[in-house]
Undergrad: 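Would you mind keeping the following structure in view while I ask a few things?
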Amino acid sequence: MKLPLFPLGAVWFPGGRMALRIFEPRYVDLVRDSLKQNAPFGIVRIREGREVVQPGAEPMPRLAQIGTFARIVDWDAAANGMLGIIVAGEGKFRLLSTEQQPNFLIVADIAPLPVEAPLPLPERAGTLLPLLQQLLEHPMVARLQMQPQMEDGGLLANQLAQLLPIPETEKFALLAETDPLQRLDQLLQKLSELEQ
């Protein structure tokens, strides 16, 4: 399966939402095609390199091997010529190979990863619900209109991992975790460390 990619310096999770400002021609084309075909694209963390192509710089960044499917759920055109979009995360995939097109857009051969079964929220994770509600009420997050995942522990962990101030390398380890219960427990451990 071929998938156009939008590499970022940040990790992004299924169940989360993100606002992006689009100004590079390669991504304007990506957004146009995605809207026209109602098709997802991929968001992948940049391990090394830059988000924006710089003249004279190596344009092909090194990418993480796991990414998230992104679907555009809202968009607007700003007065400064930028395009604003909100994307929702729909699932994970593994990169098999990548190629860069002449316009610098990276397209990948990918393998979708299995959809995680819903995880009933364990009692020990009950403290996470008010924390998620508090984060979703922040004005910068509220405009994304993210629906809180109160009954699926895996998606709840994804949303919190997206919103909390955790280093990107640690966020990627959470994204790469295939067991939602392990991800939830790892997040609880990180929260305990943040509180100390």
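Everything numeric in this text was worked out from a predicted model, so none of it was measured.
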Undergrad: Is the backbone of Val11 close enough, under 3.5 Å, to the side chain of Gln162 for a donor and an acceptor to pair up by distance?
TA: yes
Undergrad: Holding to side chain to side chain donor-acceptor pair (under 3.5 Å), I want the full list of residues that pass it with Lys171, two or more places apart in sequence or in another chain.
TA: none
Undergrad: Atom CG in Leu131, atom CG in Leu160: separation rounded to 0.5 Å?
TA: 5.0 Å
Undergrad: Please name the residue in the list Arg94, Met1, Glu90 that meets the side chain to side chain contact (heavy atoms under 4.5 Å, CB included) test with Pro112.
TA: Met1
Undergrad: When clusters are formed by joining ILVMFWY residues with side-chain heavy atoms under 4.5 Å apart, either directly or through shared neighbours, do Leu113 and Val115 land in the same one?
TA: no
Undergrad: Minimum heavy-atom separation for Leu156 to Gln149, with atom names?
TA: CB-O, 3.2 Å
Undergrad: Ignoring hydrogens and geometry, is there a side-chain-to-backbone donor-acceptor pair from Arg26 to Phe104 under 3.5 Å?
TA: yes
Undergrad: Quick check on Glu151: does its CD atom have over 12 non-hydrogen neighbours (other residues, nucleotides or ligands) under 6.0 Å away?
TA: no
Undergrad: Is there a path of hydrophobic side-chain contacts, each under 4.5 Å between heavy atoms of I/L/V/M/F/W/Y residues, joining Phe41 to Leu96?
TA: no
Undergrad: When you measure from the side chain of Arg183 to the backbone of Leu174, do you find a donor-acceptor pair of N or O atoms at a distance under 3.5 Å?
TA: yes
Undergrad: Roughly how far, to the nearest 0.5 Å, is CG of Leu188 from CD of Gln186?
TA: 10.5 Å
Undergrad: Please tell me if the side chains of Gln159 and Leu132 come closer than 4.5 Å, counting only heavy atoms from C-beta onward.
TA: yes
Undergrad: For side-chain contact (heavy atoms from CB on, under 4.5 Å), just list the numbers for Trp75 and Val31, CA-CA rounded to whole Å, side-chain angles, deciding distance to a tenth of an Å, and then say yes or no.
TA: CA-CA 10 Å; Trp75 66 275; Val31 168; 5.8 Å; no
Undergrad: Is there a side-chain contact between Phe23 and Val28 in this structure, where contact means two heavy atoms from C-beta onward sitting under 4.5 Å apart?
TA: no
Undergrad: Nearest heavy-atom pair of Leu121 and Met150: which atoms, and what distance?
TA: CD2-O, 3.8 Å
Undergrad: First locate atom CG of Leu135, then atom CG of Leu163, and finally report the distance between them rounded to the nearest 0.5 Å.
TA: 5.5 Å
Undergrad: For Gln147, I'd like to know if atom CD has over 12 heavy atoms of other residues, nucleotides or ligands within 6.0 Å.
TA: no
Undergrad: Other residues, nucleotides and ligands only: do more than 12 of their heavy atoms fall within 6.0 Å of CD on Gln101?
TA: yes
Undergrad: Could you tell me which residues satisfy side-chain contact (heavy atoms from CB on, under 4.5 Å) with Leu181, sequence neighbours excluded, listed by chain and number?
TA: Leu119, Pro122, Arg124, Asp179, Asp185
Undergrad: How many angstroms lie between CG in Leu187 and CD in Gln182, if you round to the nearest 0.5 Å?
TA: 12.5 Å
Undergrad: Please determine whether side-chain contact (heavy atoms from CB on, under 4.5 Å) holds for the pair Val87 and Val73, giving the CA-CA distance in whole Å, both sets of side-chain angles, and the decisive distance to 0.1 Å.
TA: CA-CA 6 Å; Val87 291; Val73 295; over 6 Å; no
Undergrad: Kindly work out whether a path of hydrophobic side-chain contacts (I/L/V/M/F/W/Y, heavy atoms less than 4.5 Å apart) joins Met140 to Leu164.
TA: no
Undergrad: In terms of heavy-atom contacts, does NZ of Lys2 have more than 12 from other residues, nucleotides or ligands at under 6.0 Å?
TA: yes
Undergrad: Between Leu20 and Ile86, does a side-chain contact (heavy atoms from CB on, under 4.5 Å) hold up when you go through it step by step?
TA: CA-CA 6 Å; Leu20 298 170; Ile86 295 177; over 6 Å; no
Undergrad: Assess the residue pair Val44 and Ile106 against the criterion (side-chain contact (heavy atoms from CB on, under 4.5 Å)); give the C-alpha distance rounded to whole Å, side-chain angles, the decisive distance to 0.1 Å, and a yes or no.
TA: CA-CA 11 Å; Val44 181; Ile106 300 172; over 6 Å; no
Undergrad: Which heavy atom of Gln65 sits nearest a heavy atom of Leu63, and at what distance?
TA: NE2-O, 3.4 Å
Undergrad: Do you know which two heavy atoms are closest between Arg71 and Asn38, and how far apart they sit?
TA: NH1-O, 2.7 Å
Undergrad: Which heavy-atom pair separates Ala88 from Trp12 by the least distance, and what is that distance?
TA: C-CH2, 3.1 Å
Undergrad: Decide yes or no for Phe93 and Ile66: does some side-chain heavy atom of the first lie under 4.5 Å from some side-chain heavy atom of the second?
TA: no
Undergrad: Hey, quick one: are Leu155 and Ile166 part of the same hydrophobic cluster, counting side-chain heavy atoms closer than 4.5 Å, chains of contacts allowed?
TA: no
Undergrad: Who are the side chain to side chain donor-acceptor pair (under 3.5 Å) partners of Asp29, not counting sequence neighbours?
TA: Arg32
Undergrad: Distance check, rounded to the nearest 0.5 Å: Met146 atom CE versus Leu136 atom CG?
TA: 5.5 Å
Undergrad: Check Arg143 with Asp74, please: is the shortest side-chain N to carboxylate O separation under 4.0 Å?
TA: no
Undergrad: Would you say the side-chain atoms of Asn158 pair up with the backbone N or O of Pro14, donor to acceptor, closer than 3.5 Å?
TA: yes
Undergrad: Please report the closest heavy-atom contact between Leu184 and Ala157, naming both atoms and the distance.
TA: CD1-CB, 3.8 Å
Undergrad: Are Arg47 and Glu168 ion-paired here, with the side-chain N under 4.0 Å from a carboxylate O?
TA: no
Undergrad: Under a 4.0 Å threshold between the charged nitrogen and the carboxylate oxygen, would Glu177 count as salt-bridged to Lys92?
TA: no
Undergrad: Just by modelled atom types, is the Pro40 backbone N or O under 3.5 Å from a matching donor or acceptor in the Ser34 side chain?
TA: no
Undergrad: Between CD1 of Ile110 and CG of Leu5, what distance do you get to the nearest 0.5 Å?
TA: 8.5 Å
